[in-house]
Amino acid sequence: MSDRTELSDPVELSDPVELSVGGRPVARYVTRSYLAAGLAPRPYLHPVRTLGGTEVTELSPEDHPHHLGVCVAIADVSGRNFWGGRTYVRDRGPVWRDDHGLQRHLGWTRRAAGEFRESLAWIDRENAVVLREQREATAVPVGDHWALDLTFRLTNVLGTPLQLGSSATKGRAGAGYGGFFWRAPGTSTDIRVFSAEAEGEEKVHGAVTGWVAMSGTGARAIGAEGSPAEKTWTLAFAGGDETTRRDPWFVRASEYPGVGSALAWEHVLEVPPGGVVERRVVTIVADGVLSPSDIEAGLEDLWAR
């Protein structure tokens, strides 16, 4: 199997949820689309935009077709690939295997202009339900910007212990991706990543810190004349609870722009039968380049609510 010839682009099959802030659409949530099995089919948010209309997500890019906007995905669930793409095998490297699972939307418990709550099932290739998930997302104003507040709650329903892992837990140093993940547009330039303490991909990648930010220029936007216009944008990510704040940040900038909160950075996360894994990530989505003080002020506003 090749990266692209058998991995067709996503085609929406369901009515998406449109999130809005102050009557302005900011994100589309797609619960069901045609996705090849090798992409680990799952719901995703795309496009996500700033209030000024700049697009800050990318769907199924050429370099990583299994990157689907903003999503929740895990590379290894006791040998099952819920991330998509090739599976990292210790001492062999990335290998195509028929081990991909999918996430199936089961129903809504809340669906409104600025928020949704849903139930999902994580199903392996043998059609067994491995995990049940409750997911909720809210779009809220933050000053001149807005924030996406996303929580996922995974429950092991298999009846046996599960190990949540990553390529890093199988020997690929630094590849601790898995959990919340945001793929930013690869067409953007001037990509910058920073935190309150450090600047640059090498220093921020793997850090356990209160927040990390990514900024760039050139995401798709519509100018006053109706033509594409270059605009700068900033995404500031923060753990929304103490457990999430203890997870390292997975950051890519030179290879592609993406940020994730890592569930299994170096060691697998053991989940007993009936056990629950819950994480909350809040992302400020802003026009322009925010300073650390801007980000901290925005987060203080959010935490005070």
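Note that the coordinates shown come from a computational prediction; the quantities given were computed from them, not determined experimentally. Numbering of residues begins at 1 and proceeds along the displayed sequence.
- Between Tyr29 and Trp108, the ring-plane angle classifies as perpendicular under the 30° and 60° cut-offs.
- Checking Trp233 against Ser188 by side-chain atom types alone, a donor-acceptor pair falls below 3.5 Å.
- Glu202 CD: 12 or fewer foreign heavy atoms inside a 6.0 Å radius.
- Checking Thr169 against Glu266 by side-chain atom types alone, no donor-acceptor pair falls below 3.5 Å.
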Query raised in the report: Which is it for Ser291 and Asp294 under the side-chain hydrogen bond (donor to acceptor under 3.5 Å, both in side chains) test, yes or no, and what are the steps along the way?
Result: CA-CA 5 Å; Ser291 68; Asp294 293 331; 3.0 Å; yes
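- Heavy-atom neighbours of Arg104 CZ from other residues, nucleotides or ligands within 6.0 Å: at or below the threshold of 12.
- In terms of heavy-atom proximity, Thr234 sits nearest to Leu290 at OG1-N, 3.1 Å.
- Using a 4.0 Å cut-off between a side-chain N of Lys or Arg and a carboxylate O of Asp or Glu, Arg110 and Glu136 do not qualify as a salt bridge.
- If you chain together hydrophobic residues whose side chains sit under 4.5 Å apart, Leu164 and Val268 never meet in one group.
- Following chains of ILVMFWY side-chain contacts shorter than 4.5 Å, one can reach Val17 starting from Val48, so the two form part of one hydrophobic cluster.
- Figure legend: cation-pi geometry between Arg192 and Phe194, with NZ or CZ positioned under 6.0 Å from the six-membered ring centre and within 45° of its axis.
- Placement of Leu162 and Val276 in two distinct hydrophobic clusters is found when ILVMFWY residues are connected by side-chain heavy-atom separations under 4.5 Å, directly or transitively.
- Between Val142 and Arg305, the shortest heavy-atom contact is CA-NH2, 4.0 Å.
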Query - His67 vs Glu58, side-chain hydrogen bond (donor to acceptor under 3.5 Å, both in side chains): CA-CA, chis, key distance, verdict - result: CA-CA 8 Å; His67 287 182; Glu58 186 164 15; over 6 Å; no
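- Between His66 and His64, the ring-plane angle classifies as perpendicular under the 30° and 60° cut-offs.
- Here the closest heavy-atom approach between residue Val72 and residue Arg42 is recorded as O-CD, 3.8 Å.
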**Report entry** Candidate pair Thr155 and Glu133, rule side-chain hydrogen bond (donor to acceptor under 3.5 Å, both in side chains), full reasoning
**Finding:** CA-CA 6 Å; Thr155 302; Glu133 181 188 349; over 6 Å; no
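- In this structure a side-chain-to-backbone donor-acceptor pair under 3.5 Å is present from Asn156 to Pro272.
- With rounding to the nearest 0.5 angstrom, the NE2 atom of His145 is 14.0 Å from the OG1 atom of Thr283.
- Annotation: side chain of Trp182 is not in contact with side chain of Leu45 (no heavy-atom distance under 4.5 Å).
- Distance CG/Asn81 to CG/Asp124: 12.0 Å, rounded to 0.5 Å.
- The main-chain N or O of Thr217 is never found under 3.5 Å from a side-chain atom of Asp190 such that the two would form a donor-acceptor pair.
- Among residues at least two apart or in separate chains, there is no ring pair (Phe, Tyr, Trp, His ring centres under 6.0 Å) pair with a member in residues 277-305.
- The hydrophobic cluster around Tyr177 extends to Trp83, Phe181, Phe250, Tyr256, Trp265, counting ILVMFWY residues whose side-chain heavy atoms fall within less than 4.5 Å of a member.
- Here the side chain of Thr244 pairs a donor or acceptor atom with the backbone of Arg280 at under 3.5 angstrom.
- Distance check: Leu39 CG to Tyr44 OH gives 10.5 Å after rounding to the nearest 0.5 Å.
- When every heavy atom of His100 is checked against every heavy atom of Ala37, the shortest pair comes out as CB-O, 3.2 Å.
- The two atoms that bring Pro248 and Gly206 nearest to each other are CB-O, 3.6 Å, heavy atoms only.
- Shortest non-hydrogen contact noted between Pro43 and Arg135 is CB-NH1, 4.0 Å.
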Query - Full working for side-chain hydrogen bond (donor to acceptor under 3.5 Å, both in side chains) between Glu197 and Thr209 - result: CA-CA 8 Å; Glu197 302 85 12; Thr209 184; 2.6 Å; yes
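- Placement of Val271 and Leu154 within a single hydrophobic cluster is found when ILVMFWY residues are connected by side-chain heavy-atom separations under 4.5 Å, directly or transitively.
- The environment of Arg111 atom CZ is dense: over 12 non-hydrogen atoms of other residues, nucleotides or ligands sit within 6.0 angstrom.
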